[in-house]
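Scroll down for the structure; my scribbles are underneath it.
Counting from 1, the numbers follow the sequence of the chain as shown. All heavy atoms count here, side chains included; hydrogens, waters and symmetry mates do not.
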Amino acid sequence: MTDYEELRRLMVETQLVPRGIRDARVLEAMLKVPRHLFVGESLQHKAYDDMALPIGNGQTISQPYMVAVMTELLELKGDERVLEVGTGSGYQAAILAELAAEVYSVERVEPLAVKARERLERLGYDNVHIMIGDGTEGLPDKAPFDRIIITAGTPEVPAPLREQLADNGILVAPVGARFSQQLIRLRKREGGITEEHHTPCVFVPLVGRYGWKE
Ligand code: SAH
């Protein structure tokens, strides 16, 4: 029997803490969420390795460190409504669900959305709502959001998502070229938006009306 709890502890101690993840709530969530249940059975033994893994339909579950960095940049306190664009496996959504009040996650690939929804239900996450569609349009009827996280690479932050960010809100996204991006963090204050640049990264493309074309 594999001791997944021990693998999670090692993941946190060797991949996250030494690279500067400090938010205690983020580290706790990463210790708790069973990442191996978000990948296919044949990849479960690699679930806690320092890498992204394939999840089918040409998509990936992000590297644990990238999930931790993006989550830390969101500065979640617990009462936020969060929009995630790019559900993928549902792992990032589960981490968000541990740290915020309500999570809406949009996925354009229907089979992935259906699988993620089943997983999250089975694990008891009743504060996550998975939607199928083009997340570059956001979710106008659920907006505004206190936090928005885009987990696919985009040439620029889609205009509808900037608009759907609440005042005092934070948006984190990998922005740049098709095969290499940089994490950026936007903060909205009194209607103005400031932008910070963070770590370089590589995500699968955000494909949609306000992202990359097919
Ligand atoms: N957060 C995921 C990893 C995301 S991989 C996890 O924790 O596993 C990026 C995902 O974004 C892919 O599943 C891809 O299908 C999805 N995606 C790409 N463009 C999208 C769009 N316009 N709207 C919604 N999802 C999109």
Would I132 and E107 count as a side-chain contact (heavy atoms from CB on, under 4.5 Å) here? Give the steps. CA-CA 5 Å; I132 300 166; E107 172 56 56; 5.9 Å; no
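- Between V114 and P111 there is no side-chain heavy-atom pair separated by less than 4.5 Å.
- Taking all atoms of both residues into account, the shortest heavy-atom contact from R187 to I170 is NH1-CD1, 3.6 Å.
- Taking both residues in full, the closest heavy atoms of T136 and G211 are given as CG2-N, 3.9 Å, listed atom of the first, atom of the second, then distance.
- Side-chain contact between M70 and L183 is present, with at least one heavy-atom pair separated by less than 4.5 Å.
- Connection of V202 to L73 is not established within any shared hydrophobic cluster, with ILVMFWY side chains joined at heavy-atom distances below 4.5 Å, either directly or through further cluster members.
- In terms of heavy-atom proximity, V39 sits nearest to A47 at CG2-CB, 4.2 Å.
- Around the CD atom of E6, the shell of radius 6.0 Å holds more than 12 heavy atoms that belong to other residues, nucleotides or ligands.
- Here the NE2-CZ distance, from H129 to R81, works out to 8.5 Å after rounding to the nearest 0.5 Å.
- Annotation: the span from T154 atom OG1 to E156 atom CD amounts to 7.0 Å, rounded to 0.5 Å.
- Of the possible polar contacts, none joining the N127 side chain to the E102 backbone as a donor-acceptor pair under 3.5 Å is found.
- Side chain of N57 to backbone of Q59: no donor-acceptor contact under 3.5 angstrom is found.
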Quick one: do R108 and E137 satisfy salt bridge (charged side-chain N to carboxylate O under 4.0 Å, His left out)? Show the steps, please. CA-CA 11 Å; R108 69 187 281 273; E137 314 231 23; over 6 Å; no
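- Between N168 and E190 the shortest side-chain heavy-atom distance does not fall below 4.5 Å.
- Looking only at side-chain heavy atoms (C-beta outward), H198 and E196 come within less than 4.5 Å of each other.
- L31 and M66 fall within a single hydrophobic cluster, where Ile, Leu, Val, Met, Phe, Trp and Tyr are joined by side-chain heavy atoms under 4.5 Å apart, directly or via other members.
- Think of L165 as one node in a network of Ile, Leu, Val, Met, Phe, Trp and Tyr side chains linked at under 4.5 Å; its network also takes in L83, V85, Y104, V106, M131, L139, F145, I148, I150, V157, L161, L171, V175, I184, L186, I193, L206.
- In summary, E118 and K115 do not engage in a salt bridge, as defined by a charged side-chain N under 4.0 Å from a carboxylate O.
- Hydrophobic clustering (side-chain heavy atoms under 4.5 Å, transitive across Ile, Leu, Val, Met, Phe, Trp, Tyr) groups V17 together with Y48.
- You'll find the side chain of I55 reaches within 4.5 Å of the side chain of L112, heavy atoms only.
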Steps toward side-chain contact (heavy atoms from CB on, under 4.5 Å) verdict (D50, R19): CA-CA 12 Å; D50 190 14; R19 290 183 184 134; 2.6 Å; yes
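- Of all non-hydrogen atoms in A100 and V82, the two that sit nearest each other are CB-CG2, 3.6 Å.
- The two residues S105 and E84 make their nearest non-hydrogen contact at OG-OE1, 2.8 Å.
- With values rounded to the nearest 0.5 angstrom, K46 atom NZ is found 12.5 Å from R35 atom CZ.
- The shortest side-chain heavy-atom distance between M30 and P64 falls under the 4.5 Å cut-off.
- Looking at Q44, its side chain does come within 3.5 Å of a backbone N or O of H36 through a donor-acceptor pair.
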Would T2 and H45 count as a side-chain contact (heavy atoms from CB on, under 4.5 Å) here? Give the steps. CA-CA 8 Å; T2 313; H45 67 291; over 6 Å; no
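- One finds the OG1 atom of T60 at 8.5 Å from the CG atom of L53 (value rounded to the nearest 0.5 Å).
- Panel note: side chain D134, backbone R209; a donor-acceptor pair is recorded below 3.5 Å.
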side-chain contact (heavy atoms from CB on, under 4.5 Å) for Y65 and L16? Distances and angles first, verdict last. CA-CA 6 Å; Y65 171 65; L16 308 188; 4.1 Å; yes
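- Neither V204 nor W212 shares a network with the other; the hydrophobic side chains, linked directly or stepwise wherever heavy atoms of I, L, V, M, F, W or Y lie under 4.5 Å apart, form separate groups for each.
- No continuous path of hydrophobic side-chain contacts links Y210 to V207 [ILVMFWY only; heavy atoms under 4.5 Å].
- T87 places no side-chain N or O within donor-acceptor distance of the main-chain N or O of A113, the cut-off being under 3.5 Å.
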Given side chain to side chain donor-acceptor pair (under 3.5 Å), test E98 with Y125 step by step and report yes or no. CA-CA 9 Å; E98 292 284 345; Y125 288 104; 2.6 Å; yes
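- For E110, the CD atom counts as loosely surrounded, since its 6.0 Å shell holds 12 or fewer non-hydrogen atoms of other residues, nucleotides or ligands.
- Contact annotation: the side chain of P18 never approaches that of E13 to less than 4.5 Å [non-hydrogen atoms, C-beta and beyond].
- Between S62 and Q92 the shortest side-chain heavy-atom distance does not fall below 4.5 Å.
- One finds the NE2 atom of H197 at 12.0 Å from the CZ atom of R185 (value rounded to the nearest 0.5 Å).
- Under the ring-ring contact (aromatic ring centres under 6.0 Å, His included) criterion, Y91 pairs with F38, sequence neighbours left out.
- The structure places CE of M11 at 11.0 Å from CD of Q63, a figure rounded to the nearest 0.5 Å.
- Looking at every heavy atom in both residues, E75 comes nearest to E80 through O-OE2, 3.9 Å.
- Side-chain atoms of R119 come within 3.5 Å of backbone atoms of S89 as a donor-acceptor pair (strictly under, hydrogens ignored).
- The side-chain contact (heavy atoms from CB on, under 4.5 Å) check on E121 picks up R117, with sequence neighbours excluded.
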